Student: 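Before anything else, here's the structure in question.
Since the structure is predicted, the reported quantities are computational estimates derived from the model, not experimental observations. The chains referred to below are lettered A, B, ... by the order of the sequence lines, with proteins before strands, and numbering in each begins at 1.
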Amino acid sequence: MTQYGVVLFYTTSSVMRAEKLLKTEGHSIKLIPTPRQFSSDCGIALRFDWNYCEEIKLMLDEAKVEYANMHSLDT
Amino acid sequence: MTDVLEHAGGNPGRSGHRLSIAAARAVYDTREEIAHFFGVTDPMRVIFTSSATHAINLTLRGILKLGDHVVTSSIEHNAVMRPLRNLEKQNIRLSIVACAADGTLDVKDLIKVIDSNTRLVVMTHASNVVGTLLPIAEIASIAHQAGALLLVDAAQTAGALPMDIQAMGIDLLAFTGHKELQGPPGIGGLVIADDVDTTKIEPLMCGGTGSRSESEEQPNDLPDKFESGTANLVGIAGLGAGLKWVKDKAINEIREHMKELNQALLDGLSIIPRVKIYGTLDPERSVAIVSFTVTGKSVSEIALRLDEEYGVLSRVGLHCTPAAHKTLGTFPEGTVRLAPGIFTTVSDIQEATQAVAKVIKS
């Protein structure tokens with residue numbers, strides 16, 4: 001079973017920017033309603049394959065996409 | 001616009017469901033295209049508003065504080081002049097640089113009035129009555145030397161001229177979607193240069209943004225700080241489509257075509273007896289907006305007959321700018337204004353100027 005993680009953002013515009021960036025780079029990602037246990041911020045979170053955590057973090061940082069934090073999703 | 005309503009009718013940024021996300025994508029795509037078009041690196045610095053007027057008000061009211069000095073020109077539209085006159089009553093000091101009778105501005109006159117208290121210089125890029133362009137790059141450098149920011153009202157020029165706000169030194173640019181950007185009415189925006197400190201700009205409106213919902217304070221994140229309330233999704237999608245059309249057509253080609261139309265208008269009107277044309281009479285120094293009067297004829301009568309008898313649509317009167325008409329010497333009667341669009345052809349212009357000649361004769 002895939003272990004997922006989520007990126008939480010402050011603004012929807014940042015989510016859109018991140019989605020576009022990561023999709024262009026071929027990452028399998030999905031936008032989901034922010035899981036309530038991460039009481040945060042904007043209503044949309046970006047779900048990704050936790051194996052790519054470091055890679056995605058680096059890409060967002062390099063492109064200066066602002067985000068709140070990243071969490072692993074225990075399912 | 002139909003597509004976004006049919007396939008993405010959700011509220012952008014307010015939910016995680018597919019229609020809301022599709023709407024947010026449409027809004028973001030346009031944001032990115034606008035940023036790229038005006039030469040801004042960070043798309044979050046594109047703020048959508050309902051009009052250029054809204055963007056101008058946001059800037060003026062967001063930046064100017066008690067005792068600040070603000071400088072503008074004498075050819076401004078009321079979108080600039082009215083908020084400034086209103087702020088003047090709230091102890092903001094206002095200086096108006098007089099333009100020449102053709103609408104041109106001598107930057108030496110700007111240097112004379114600018115001082116260390118000048119917080120903002122606000123100038124139109126081009127007159128909405130005669131099309132005269134102001135020397136924005138020079139104005140920017142003078143404003144910056146004095147420590148002031150420059151806000152440009154680009155209602156007439158966004159989509160009509162190549163524009164790189166970094167290269168021109170523009171700090172804040174207000175645009176409308178419904179003119180040369182070929183979008184629908186009811187959408188506009190403010191583009192903020194990458195190096196402008198937005199923490200020093202107060203929001204015009206506070207409210208829901210879909211972000212930081214746990215807080216009752218307005219967020220500082222861009223673009224949310226300045227975009228409270230439900231976005232004009234349909235307008236933004238329409239603006240995106242219009243802008244795509246402009247980019248595909250190529251802005252340099254648009255500019256060349258409009259210069260040709262401008263020259264044809266000037267040529268056609270200048271040979272008609274009793275017609276007086278205002279402005280620089282030079283398509284290189286203006287956008288394609290031409291104003292004229294006719295000795296012994298009222299402007300409104302000319303406009304009515306042009307419309308009813310020849311299908312030529314003009315706008316007469318003061319064009320929401322008493323200041324510009326005082327500068328041109330056409331206050332309070334005003335002028336007849338002819339402003340071709342990108343779909344106008346040279347032969348349309350010839351028909352229009354022949355119609356003017358016929359109306360004047362009889």
Student: So, are B:Glu202 and B:Lys65 salt-bridged, with charged N and O less than 4.0 Å apart?
Tutor: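 No, this pair does not count.
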Student: Non-hydrogen atoms of chain A under 4.5 Å away: do they reach the side chain of B:Pro43, the backbone, both or neither?
Tutor: side chain
Student: Could you go through the salt bridge (charged side-chain N to carboxylate O under 4.0 Å, His left out) check for B:Arg25 and A:Glu19 one step at a time?
Tutor: CA-CA 9 Å; B:Arg25 281 194 194 109; A:Glu19 183 197 32; 2.5 Å; yes
Student: Stepwise, does the salt bridge (charged side-chain N to carboxylate O under 4.0 Å, His left out) test hold for B:Asp248 with B:Lys244?
Tutor: CA-CA 6 Å; B:Asp248 289 349; B:Lys244 187 180 179 309; 3.0 Å; yes
Student: Any ion pair linking A:Asp61 and A:Lys57 (charged N to carboxylate O, less than 4.0 Å)?
Tutor: yes
Student: Pick one of side chain, backbone, both or neither for B:Asp42, based on which atoms fall under 4.5 Å of a heavy atom in chain A.
Tutor: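 Side chain of B:Asp42 only, per the 4.5 Å heavy-atom cut-off to chain A.
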Student: What pair of heavy atoms forms the shortest contact from B:Leu222 to A:Thr11, and how long is it?
Tutor: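 Looks like O-CG2, 4.0 Å.
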Student: If we define contacts as heavy-atom pairs under 4.5 Å, which of A:Ile32, A:Leu31, A:Val15 has the most with chain B?
Tutor: A:Leu31
Student: Let me know if B:Glu32 has heavy atoms under 4.5 Å from chain A in its side chain, its backbone, both or neither.
Tutor: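 Side chain of B:Glu32 only, per the 4.5 Å heavy-atom cut-off to chain A.
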Student: Relative to chain B, which segment of A:Lys64 carries a heavy atom at a distance below 4.5 Å: side chain, backbone, both, or neither?
Tutor: neither
Student: Below 4.5 Å from any heavy atom of chain A, which atoms of B:Arg31 appear? Answer side chain, backbone, both or neither.
Tutor: side chain
